[in-house]
Amino acid sequence: MGFLAKLSACIAKRFKAARGGSAGEDDSDDGSDTHGLFFELRALQVATNYFSELNRLGHGGFGPVYKGLMPNGQEIAVKKLAMDSRQGLKQFINEVKLLLKTQHKNLVTLFGCCAEGPEKMLVYEYLPNKSLDYFLFDKSKSPSLDWTTRFKIITGIARGLLYLHEEAPQRIIHIDIKASNILLDQQLNPKISDFGLARLFPGDDTHVNTFRISGTHGYMAPEYAMHGYLSVKTDVFSYGVVVLEIVSGRKNHDSRLGSEKADLLNYSWLLFQSGKMLDLVDPTLKKYNPDEAAMCIQLGLLCCQQTVVERPDMNSVHLMLSSDSFTLPRPGKPAIQGRVGRWTTTSTSAFTNTDTNASSTSGGMTKVLAGSSFVEDDSRNSISYSSIEEGR
Ligand SMILES: Nc1ncnc2c1ncn2[C@@H]1O[C@H](COP(=O)(O)OP(=O)(O)OP(=O)(O)O)[C@@H](O)[C@H]1O
């Protein structure tokens with residue numbers, strides 16, 4: 001039996017036992033090459049001081065996250081996932097398999113999992129500097145993100161996404177790129193978290209609800225938000241929003257700023273058109289590199305183009321960011337969000353066939369979400385439809 005098959009079998013057995021079924025007499029597969037990936041519930045209880053409130057790092061759409069300390073001094077973050085159903089089991093297995101195969105310096109590392117009780121847990125490396133939004137949107141903290149650090153974060157997220165889209169064993173579309181899903185390590189290097197976790201939800205409703213809770217709405221590409229059209233360019237759009245947030249130090253929507261400035265994409269576009277795009281730069285930044293800042297704003301706008309094919313792929317984004325001299329295409333008007341839940345898109349054909357060409361160069365298999373389960377689409381590499389509600 002291969003490693004992943006053993007892992008699946010092992011997790012399945014534990015789920016079965018947790019549900020009260022007969023798991024079989026022995027758990028000896030723990031001693032195989034899956035050894036070390038499973039954390040005993042008891043060990044995690046001790047590490048987190050019995051999931052004490054003091055150890056609680058926060059609460060996301062999947063449940064609470066706790067800080068833990070292992071006897072060897074290793075700090076961990078334990079994400080408790082509430083799921084009991086068979087559907088949940090299948091997704092949990094998919095997810096753990098997927099995460100174990102993805103290793104990159106700009107992705108949060110999964111150490112292992114625990115599947116002993118009704119709640120399943122994922123055990124990650126602990127990142128001490130919280131998430132990007134914690135710094136970025138707090139005027140007292142944002143000065144600690146100087147321009148060099150911000151540019152490093154913009155580049156690092158691009159590297160992580162390039163890995164997920166092009167270099168991972170199977171293509172992964174994150175779907176939920178946003179400032180709160182970018183964790184920062186000791187040196188403020190960015191690490192993408194929560195990749196693929198949305199797929200762990202057992203039901204479509206919960207899945208959609210998660211988007212609501214996380215406030216991901218402002219980051220969603222219009223063709224995905226309105227039609228469930230999912231491709232790597234879905235992530236590119238969200239990445240563009242995050243880039244503009246990093247440069248400007250503000251959220252993608254802030255009604256306190258007045259109608260002209262409230263929508264970040266709209267405001268960035270207005271400034272770009274009038275040749276004043278550097279007015280967008282976060283006023284708390286004492287110094288910044290104007291060429292880099294201008295490039296990032298233009299890049300952010302390009303990533304947020306309404307027409308899918310006009311958005312660059314992450315390979316191009318990475319090239320633009322790492323090259324000394326790169327002429328960026330002039331962006332058109334980005335997809336601008338109208339009143340909450342609606343997008344001012346003009347054409348549905350804009351995203352239907354052109355993107356197939358745009359992303360078919362890389363080949364390989366894509367793993368995307370359709371409803372509540374994984375779909376492997378090897379005929380084209382990017383297209384799937386999900387059941388997200390229209391017009392939220
Ligand atoms: N590996 C980690 N190290 C340190 N803190 C973490 C880690 N993972 C998550 N956290 C913290 O735990 C909290 C909850 O994280 P989680 O990823 O579950 O939710 P979220 O991203 O805030 O929201 P959502 O799940 O709706 O997207 C956040 O404050 C986050 O900073």
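Order of appearance sets the numbers: ligands from 1, and atoms from 1 within every ligand.
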Problem set entry | side-chain contact (heavy atoms from CB on, under 4.5 Å) against Lys139, all qualifying residues, sequence neighbours excluded | Ser142, Asp282, Thr284

Problem set entry | Whether Tyr163 side chain and Gln103 backbone form a donor-acceptor pair below 3.5 Å | yes

Problem set entry | Any N/O pair Asn181/ligand 1 closer than 3.5 Å | yes

For this session: Could you tell me whether some N/O pair between Tyr124 and ligand 1 is separated by less than 3.5 angstrom?
Result: no

For this session: Would you mind running through ligand 1 and noting each atom that sits below 4.0 Å from a heavy atom of Leu183?
Result: 1 (N), 2 (C), 7 (C), 8 (N), 31 (O)

Seminar exercise, completed: A student comparing Leu57, Asp133, Val108 should find that the heavy atom closest to atom 6 (C) of ligand 1 comes from Leu57

For this session: Using non-hydrogen atoms of the residue, decide whether Ser193 is closer than 4.0 angstrom to ligand 1.
Result: no

Exercise. Hey, are Asp235 and Ser238 close enough side-chain-wise for a donor-acceptor pair under 3.5 Å?
Worked result: no

For this session: State if Lys178 counts as touching ligand 1 under the rule of any non-hydrogen atom under 4.0 Å.
Result: yes

Problem set entry | Any N/O pair Leu127/ligand 1 closer than 3.5 Å | yes

Problem set entry | Side chain proximity check, Lys191 to Tyr124, heavy atoms < 4.5 angstrom | no

Problem set entry | Closest candidate by heavy atom, reference atom 2 (C) of ligand 1, pool Pro128, Ser131, Ala179, Ala77 | Ala77

Problem set entry | Partners passing salt bridge (charged side-chain N to carboxylate O under 4.0 Å, His left out) against Glu260 (at least two apart in sequence or in another chain) | none

Exercise. At under 4.0 Å between heavy atoms, which part of Lys79 makes contact with ligand 1: side chain, backbone, both or neither?
Worked result: side chain

For this session: Determine whether Leu265 and Asn252 make a side-chain contact, defined as any pair of heavy atoms from C-beta on separated by less than 4.5 Å.
Result: no

For this session: Answer yes or no: is there an ion pair linking Glu310 with Lys233, defined by an N-O contact shorter than 4.0 Å?
Result: no

For this session: Please could you name the atoms of ligand 1 that Tyr126 approaches to less than 4.0 Å, counting only its heavy atoms?
Result: 3 (N), 4 (C)

